[in-house]
Amino acid sequence: MIRNADISDRSAIKAITEAVGFEPAEVETVLSSFDKSFKERTASAALWLVDDDGGIQGLAYVEPEQMTEGTYNLLLLAVHPSRQKQGRGANLVKQVERAVAEKGGRILLIETMATEEFSHVRRLYERLGLEKEAQIRDFYAEGYDKVVFWKAVGKT
């Protein structure tokens with residue numbers, strides 16, 4: 001079942017980010033964003049979704065892009081390694097699309113790395129109808145390009 005996260009999901013979100021290989025500093029950044037979302041909740045605030053199937057198995061974090069009208073960015077999609085390749089990531093992205101459209105969003109952006117390690121992630125986004133919009137060389141570090149995917153989700 002995909003649902004909105006609540007503050008009690010914090011430890012499970014930490015566990016998933018650690019399980020998928022986030023470095024300690026990256027985990028802290030995720031948790032800081034999570035905490036901030038619940039302190040500053042507004043109608044246009046970030047959205048955290050979790051795949052709750054007898055415990056949190058996956059999560060998605062999307063927020064509106066500043067200084068845009070209806071553009072949202074999916075900043076985090078993670079599924080516990082023991083639950084990957086079961087359609088959970090696809091279901092989370094589909095629910096993100098619905099939630100963004102319900103909030104009046106027009107466009108969903110998703111960023112990922114252009115490395116071979118992330119090729120299955122890029123194929124997932126393409127299967128879900130997202131289009132490769134841009135590739136930024138050496139974005140994350142030298143040799144680690146960023147790929148940006150785009151999809152219209154609301155009325156355009």
Side-chain angles (χ1 to χ4, degrees), residues 1-66 71-103 105 107-130 132 136 139-151 153:
M1 171 183 85
I2 297 175
R3 63 171 174 78
N4 289 326
D6 60 53
I7 197 68
S8 68
D9 296 321
R10 187 180 195 276
S11 62
I13 287 171
K14 180 179 189 280
I16 288 177
T17 55
E18 290 172 340
V20 298
F22 280 33
E23 297 294 327
E26 295 169 320
V27 172
E28 287 308 311
T29 298
V30 169
L31 294 176
S32 176
S33 295
F34 184 76
D35 294 342
K36 183 178 177 184
S37 295
F38 285 93
K39 288 178 184 168
E40 301 175 3
R41 222 177 248 287
T42 66
S44 64
L47 176 66
W48 290 83
L49 298 174
V50 292
D51 176 348
D52 189 348
D53 181 12
I56 306 302
Q57 307 301 323
L59 66 113
Y61 167 49
V62 62
E63 67 179 20
E65 282 287 339
Q66 294 184 17
T71 300
Y72 283 71
N73 195 333
L74 178 64
L75 297 172
L76 174 60
L77 178 68
V79 175
H80 193 280
S82 68
R83 296 301 187 109
Q84 291 177 0
K85 302 203 187 298
Q86 298 176 355
R88 293 174 187 275
N91 289 337
L92 280 161
V93 172
K94 290 173 189 173
Q95 185 59 38
V96 163
E97 291 175 14
R98 285 190 285 274
V100 167
E102 288 172 5
K103 288 181 166 279
I107 294 170
L108 176 63
L109 300 177
I110 303 178
E111 302 171 3
T112 190
M113 279 202 273
T115 62
E116 181 60 32
E117 178 183 9
F118 285 85
S119 63
H120 69 285
V121 174
R122 294 189 305 277
R123 285 191 304 273
L124 168 67
Y125 297 149
E126 290 168 351
R127 281 194 313 270
L128 293 173
L130 286 111
K132 181 179 173 182
I136 303 168
F139 182 83
Y140 296 105
E142 189 173 333
Y144 292 88
D145 297 359
K146 172 167 74 171
V147 178
V148 181
F149 287 87
W150 177 98
K151 186 174 185 178
V153 295

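Treat the numbers as computed from the prediction; the structure is a model and nothing was measured.
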Under 6.0 Å from the OH atom of Tyr140, do we count more than 12 heavy atoms belonging to anything else shown?
yes
Name the residue from Glu97, Glu63, Glu65, Lys103 that meets the side-chain contact (heavy atoms from CB on, under 4.5 Å) definition with Tyr72.
Lys103
Rounded to the nearest 0.5 Å, what separates atom OG in Ser11 from atom CD1 in Ile16?
10.0 Å
Can you tell me which residue among Leu59, Leu92, Leu77 is in a side-chain contact (heavy atoms from CB on, under 4.5 Å) with Leu49?
Leu92
OG1 (Thr17) and NE2 (His80) are apart, to the nearest 0.5 Å, by 10.5 Å
What's the shortest heavy-atom distance between Ser37 and Ala46, and which atoms?
OG-CB, 3.6 Å
Which heavy atom in His120 sits nearest to a heavy atom in Lys85, and how many Å separate them?
CD2-NZ, 4.0 Å
Please identify which of these residues, Val62, Leu130, Leu128, meets the side-chain contact (heavy atoms from CB on, under 4.5 Å) condition with Ile110.
Leu130
Where do Ala60 and Leu74 come nearest, in terms of heavy atoms and distance?
CB-CD1, 4.0 Å
Kindly indicate whether the side chain of Phe139, heavy atoms from C-beta on, has any atom under 4.5 Å from the side chain of Asp145.
no
Measure the spacing between CD1 of Ile13 and CD1 of Ile7 and express it to the nearest 0.5 Å.
8.5 Å
With heavy-atom distances below 4.5 Å as the criterion, would you say the side chains of Leu47 and Asn4 are in contact?
yes
Indicate the ring-plane relationship of Trp48 and Tyr61, choosing parallel, tilted or perpendicular according to the 30° and 60° boundaries.
parallel
Do the side chain of Ser32 and the main chain of Thr29 share a donor and acceptor less than 3.5 angstrom apart?
no
Lys14 NZ: over 12 foreign heavy atoms closer than 6.0 Å:
no
Please identify which of these residues, Lys94, Arg3, Arg88, meets the salt bridge (Lys or Arg N to Asp or Glu O under 4.0 Å) condition with Asp51.
Arg88
Please round to the nearest 0.5 Å and tell me the distance separating atom CZ of Phe118 and atom CE of Met113.
4.0 Å
Ile2 to Gln95 - nearest heavy-atom pair and separation:
CG2-CG, 3.7 Å
Nearest non-hydrogen partners of Phe22 and Leu76, listed with the distance:
CZ-CD1, 3.5 Å
NZ on Lys132 to OG1 on Thr112, rounded to 0.5 Å:
11.5 Å
Please tell me if the side chains of Arg122 and Ser119 come closer than 4.5 Å, counting only heavy atoms from C-beta onward.
yes
If every non-hydrogen atom of Phe38 is compared with every non-hydrogen atom of Ala5, which pair is closest and at what distance?
CZ-O, 3.4 Å
Distance check, rounded to the nearest 0.5 Å: Asn91 atom CG versus Gln86 atom CD?
10.5 Å
